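Heavy atoms only: backbone and side chains are in, while hydrogens, waters and symmetry mates are out. Each residue takes its place number in the sequence, starting with 1. Small disclaimer: the values here were computed from a predicted structure and weren't measured.
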Amino acid sequence: MKNMKKLATIITVLAMAFVMAIPTFAAYKQSIYLPKNQAWVTAGDATRSGNYSTVKARCHSVYPDSGADFFGKIQCRVTNKNGTEISDKIYALDEGDSDYTKITIKEGYLSTSPVTFQFRGNTSAAANAVVSYTG
């Protein structure tokens, strides 16, 4: 019985540590500002295992500061901590997509962790966006 209590305590501590670590693996519905002229904005980092050749990102919505909303897409890339682009291309994320877009990591960078997600507008106008991403 005494060993069962110890085991239950250990499992509880491990579960709490895992739940507290989840935010380092992903960001969900983060609001970001996308400046004019398609300047890249760093949204944040995500830890990854290196076991897979992809990471994922999603645009939930994109909208202007004011005026008519003609926005529907933003762009995304992934870099390492030194700012080197490690995604195989720049990806367009559509706010109408119901799932994450898989972003392929370049060969030679598969073990990179954490990775940095950067976003920019799809036109020269400034916008706001709500994004999610995971390593």
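Contact annotation: the side chain of N128 never approaches that of I32 to less than 4.5 Å [non-hydrogen atoms, C-beta and beyond]. Under the 4.5 Å side-chain criterion, counting only non-hydrogen atoms from C-beta, I105 is not in contact with S53. Two residues are said to be in side-chain contact when any heavy atoms from C-beta on lie closer than 4.5 Å; F119 and V131 meet this criterion. The closest side-chain heavy-atom distance from S132 to K29 is below 4.5 Å.
For the salt bridge (charged side-chain N to carboxylate O under 4.0 Å, His left out) condition, the pairs that include at least one residue of residues 75-84, sequence neighbours left out, are R77-E85.
Under the ring pair (Phe, Tyr, Trp, His ring centres under 6.0 Å) criterion, Y28 pairs with H60, not counting sequence neighbours. Judged as a side chain to side chain contact (heavy atoms under 4.5 Å, CB included), and not counting sequence neighbours, the contacts of N51 are S49.
The local environment of OH in Y52 is sparse, with at most 12 non-hydrogen atoms from other residues, nucleotides or ligands closer than 6.0 Å. Within 6.0 Å of the NZ atom in K56, the count of heavy atoms belonging to other residues, nucleotides or ligands does not exceed 12.
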* Please lay out, stage by stage, how C76 and I103 fare under the test side-chain contact (heavy atoms from CB on, under 4.5 Å). => CA-CA 9 Å; C76 178; I103 298 171; 3.6 Å; yes

* **Verdict with supporting geometry, V41 and F117, side-chain contact (heavy atoms from CB on, under 4.5 Å)** => CA-CA 8 Å; V41 172; F117 285 82; over 6 Å; no

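Cation-pi geometry between K89 and Y91 is met: under 6.0 angstrom from the ring centre, within 45 degrees of the axis.
For the residue pair Y63 / E95, no side-chain donor-acceptor distance below 3.5 Å is found, with atom types taken as modelled.
V78 pairs with exactly one of T112, D88, V115 by the side chain to side chain contact (heavy atoms under 4.5 Å, CB included) rule, that one being V115.
Atoms CG and CZ, from D99 and R58 in turn, are 7.0 Å apart once rounded to the nearest 0.5 Å. The distance from atom CG of L93 to atom CD1 of I74, rounded to the nearest 0.5 Å, is 5.0 Å. Between the CZ atom in F71 and the CG atom in L34 there is a gap of 9.0 Å [rounded to 0.5 Å]. With rounding to the nearest 0.5 Å, the separation of OH in Y109 from OG in S87 is 11.0 Å. Remark: Q118 CD to W40 CH2 distance equals 7.0 Å, nearest 0.5 Å. Rounding to the nearest 0.5 Å places CG of N37 at 11.0 Å from CZ of R120.
The shortest heavy-atom contact between F70 and A68 is CE1-CB, 3.2 Å.
Judged by distance alone, with hydrogens and angles left aside, the side-chain atoms of N82 form no donor-acceptor pair with the main-chain N or O of T84 at under 3.5 Å.
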